[in-house]
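Notes to accompany the following structure.
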Amino acid sequence: MANVPELDDKERETLLSDRTDWELAREGKAITRTFQFGDFSEAWGFMSRVALLADAQDHHPEWFNVYAKVEITLTTHDAGTNGGLSHRDTKLARAIDNLLG
């Protein structure tokens with residue numbers, strides 16, 4: 001497993017100012033966002049589109065789904081010494097946000 005550089009403080013601040021719907025989690029080692037849809041079918045369709053993005057980027061989210069709610073957590077498990085935020089998370093968060101227009 002390759003070691004991926006973690007975001008520094010300035011890069012982390014930029015990520016959060018650019019992606020205002022995402023919040024820091026896991027003591028700054030991850031970001032998370034909750035999405036609410038009209039029904040299960042909409043939520044599942046969104047998850048399918050995210051899955052395609054994630055596969056294309058070879059960077060997969062941690063997620064949880066109940067009916068019309070989807071919670072996504074992004075972290076890079078091979079960043080730093082014990083995982084953390086990386087440019088991979090920034091790129092995938094942006095792509096996920098772009099799905100919603």
- Query: Do the rings of Phe37 and Phe46 sit parallel, tilted or perpendicular, given the 30° and 60° boundaries?
  - Reply: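 It falls in the tilted class, 30° to 60°.
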
Using distance alone, with no hydrogens and no angle criterion, decide if [X] and [Y] have a side-chain donor and acceptor under 3.5 Å apart.
X     : Y     : value
Glu6  : His87 : no
Asn65 : Trp44 : no
Asp89 : His59 : yes

Count the heavy atoms belonging to other residues, nucleotides or ligands that lie under 6.0 Å from [atom1] of [X], then report whether that count exceeds 12.
X     : atom1 : result
Glu23 : CD    : no
Asp8  : CG    : yes
Glu27 : CD    : no

- Task: Before accepting this row, confirm whether a basic side-chain N of the pair Asp18/Arg94 lies closer than 4.0 Å to the acidic partner's carboxylate O.
- Result: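 Arg94 and Asp18: not salt-bridged.
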
For [X] against [Y], the heavy-atom pair lying closest together:
X     : Y     : value
Ala43 : Val70 : CB-CG2, 3.8 Å
Asp9  : Arg12 : OD1-NH1, 3.1 Å
Arg26 : Thr75 : NH1-CG2, 3.8 Å
Pro61 : Leu92 : CD-CD2, 4.4 Å
Thr32 : Ala25 : CG2-CB, 4.1 Å
Ala68 : Gly38 : CB-C, 4.2 Å

Report yes if the side chains of [X] and [Y] come closer than 4.5 Å at any heavy-atom pair, otherwise no.
X     : Y     : value
Thr90 : Leu7  : yes
Leu85 : Thr76 : no
Phe64 : Thr73 : no
His60 : Asp55 : yes
Leu16 : Ile31 : yes
Met47 : Trp63 : yes

- Return yes if some donor-acceptor pair links the side-chain N/O of Ser17 with the main-chain N/O of Thr14 below 3.5 Å, else return no.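 Such a contact is found between Ser17 side chain and Thr14 backbone.
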
- Message: Has Gln57 got a side-chain atom pairing as donor or acceptor with Ala54's backbone, closer than 3.5 angstrom?
- Response: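 It does not hold such a pair.
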
- Query: If you group Ile, Leu, Val, Met, Phe, Trp and Tyr by side-chain heavy-atom gaps below 4.5 Å, do Leu24 and Trp22 land in one group?
  - Reply: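 The answer is yes; both residues are in one hydrophobic cluster.
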
- Evaluate the side-chain contact (heavy atoms from CB on, under 4.5 Å) criterion for residues Val4 and Arg88: first the C-alpha distance (whole Å), next the side-chain angles of each, then the deciding distance (0.1 Å), finally the verdict. CA-CA 9 Å; Val4 176; Arg88 292 177 181 179; 3.5 Å; yes

- Query: For the atom pair CG (Leu74) and CZ (Arg19), what is the distance rounded to the nearest 0.5 Å?
  - Reply: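 Reported value, rounded in 0.5 Å steps: 11.0 Å.
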
